[in-house]
Amino acid sequence: MTSSSGDLMTAGRFGAMTLLSAKALRIYADRGLLPPRRVDPDSGYRYYDADQVATGWLIGLLRSADLPLHEIAEIIEHVGDDREAAVARLDRAVAAIGRRNEARHAVLARARLHLRQETTMSTVTTGVETDRAVVSVLCRLAPHELDQRIHDEVGRLRRIATDAGARETGDPFGIFHSPVTDDSDGPLEIVLPVDGLVDCAVDADVRSYRLSGGQVATRSAHGAETDFPGILAIYDEVHAWITSGGRAPIGPPREIWHTLPQDAAGLRLTVAWPFVEVAAAK
């Protein structure tokens, strides 16, 4: 039934025409994907226009394919002015789904090993990291924000170090103080090793300190292995190597980024997890 607000229809009627629930409509409105054409200032009732029905159906189709809302937003924003750009965004989203599916298979393969209490040939190696000066910034973020945030923050840390007269002494890396997953936003500490402590007074969220060294278990990864959630299988492999050999992990794991996620060469990284021999830890 059409509302008294001109040709607009109630949220209930719009939901019936698009097969979108009231909860979904609220979420899409809050995210800016499908805002109501009018909201009654007194009752708070939401009203939609008939020309929004096609957009509602498009969003429903994309969500049924498990596209994240941020990817849907990138598609929707081009629908009105450049449909070819919207199609290109959709093609990239389809490719991303394929990569995520490959990554999920890798994670589930590791889960199968856990269930069967089996082990596989490991490519984990070890090394020793020395104490070193670093500049770093702590971030809370979602998995889909990782690539851009790493790129931006590493660039900022490099500018801060350069302005302070410090020299970069190694590849940037991230310390995962808590996981960055769909259920956890970290924090992730993005770190740049430098040749001396830096005055970070101008950038309140950046700090400079000496990071302690020690033994680390490492596993290199590149290409599809680095995609979330597949990278979790690499972490599981490193953790299993540590705990199965009379050793114990100490401190949070790290990712050393030999190339950055948005580099043309693609991401190459090394997972590094500090550990000690259990006998030495007692």
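Please read all numbers here as calculations on a predicted model, not as lab measurements. The chain is numbered in sequence order, starting from 1.
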Is it the case that atom OH in Y45 sees more than 12 heavy atoms from other parts of the structure closer than 6.0 Å?
no
With clusters defined by side-chain heavy atoms of hydrophobic residues (ILVMFWY) lying less than 4.5 Å apart, directly or transitively, does [Y] cluster with [X]?
X	Y	value
L20	M17	yes
F176	L141	yes
V198	L192	yes
I97	L90	yes

State plainly whether the residues R156 and D205 are in salt-bridge range, i.e. N to O under 4.0 Å.
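Salt bridge flag = yes for D205 with R156.
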Parallel, tilted or perpendicular for H70 and H144, by the 30°/60° rule?
parallel
Are any side-chain N or O atoms of [X] and backbone N or O atoms of [Y], one a donor and one an acceptor, separated by less than 3.5 Å?
X	Y	value
S212	D131	no
S64	L61	yes
D185	A142	no
D199	A201	yes
E237	T123	yes
D263	L260	yes
S184	P179	yes
D40	D42	yes
D82	A85	yes
T259	R268	yes

Distance from [X] atom [atom1] to [Y] atom [atom2], nearest 0.5 Å?
X	Y	atom1	atom2	answer
S136	I175	OG	CD1	7.0 Å
I190	L157	CD1	CG	7.5 Å
L58	L33	CG	CG	10.0 Å
L8	Q52	CG	CD	8.5 Å
S178	R140	OG	CZ	7.5 Å
L269	H222	CG	NE2	10.5 Å

Does the side chain to side chain contact (heavy atoms under 4.5 Å, CB included) test come out yes or no for R46 and R26, once each step is laid out?
CA-CA 9 Å; R46 301 180 180 196; R26 286 194 296 271; 4.1 Å; yes
Do [X] and [Y] have side chains that approach each other closer than 4.5 Å (heavy atoms only, starting at C-beta)?
X	Y	result
I256	E129	yes
I231	I234	yes
P253	V238	no
R63	Y28	yes

CA sep, side-chain torsions, deciding dist, call: L34, T18, side chain to side chain contact (heavy atoms under 4.5 Å, CB included)
CA-CA 12 Å; L34 191 58; T18 57; over 6 Å; no
Between V191 and R254, is a side chain to side chain contact (heavy atoms under 4.5 Å, CB included) present by the stated rule, with each step listed?
CA-CA 10 Å; V191 184; R254 306 164 186 176; over 6 Å; no
Answer yes or no on whether R219 is positioned over the face of W273, meaning its NZ or CZ is under 6.0 Å from the six-membered ring centre and within 45° of the axis.
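Because its charged atom misses either the 6.0 Å distance or the 45° angle limit, R219 does not stack over W273.
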Under the side chain to side chain contact (heavy atoms under 4.5 Å, CB included) test, which residues partner P143, sequence neighbours left out?
V180, D182, F228
Exactly one candidate in I75, L67, I72 meets side chain to side chain contact (heavy atoms under 4.5 Å, CB included) with I59; the answer is I72
Would you sort out whether L267 and E255 count as a side chain to side chain contact (heavy atoms under 4.5 Å, CB included), showing the intermediate values?
CA-CA 11 Å; L267 179 59; E255 278 183 18; 5.6 Å; no
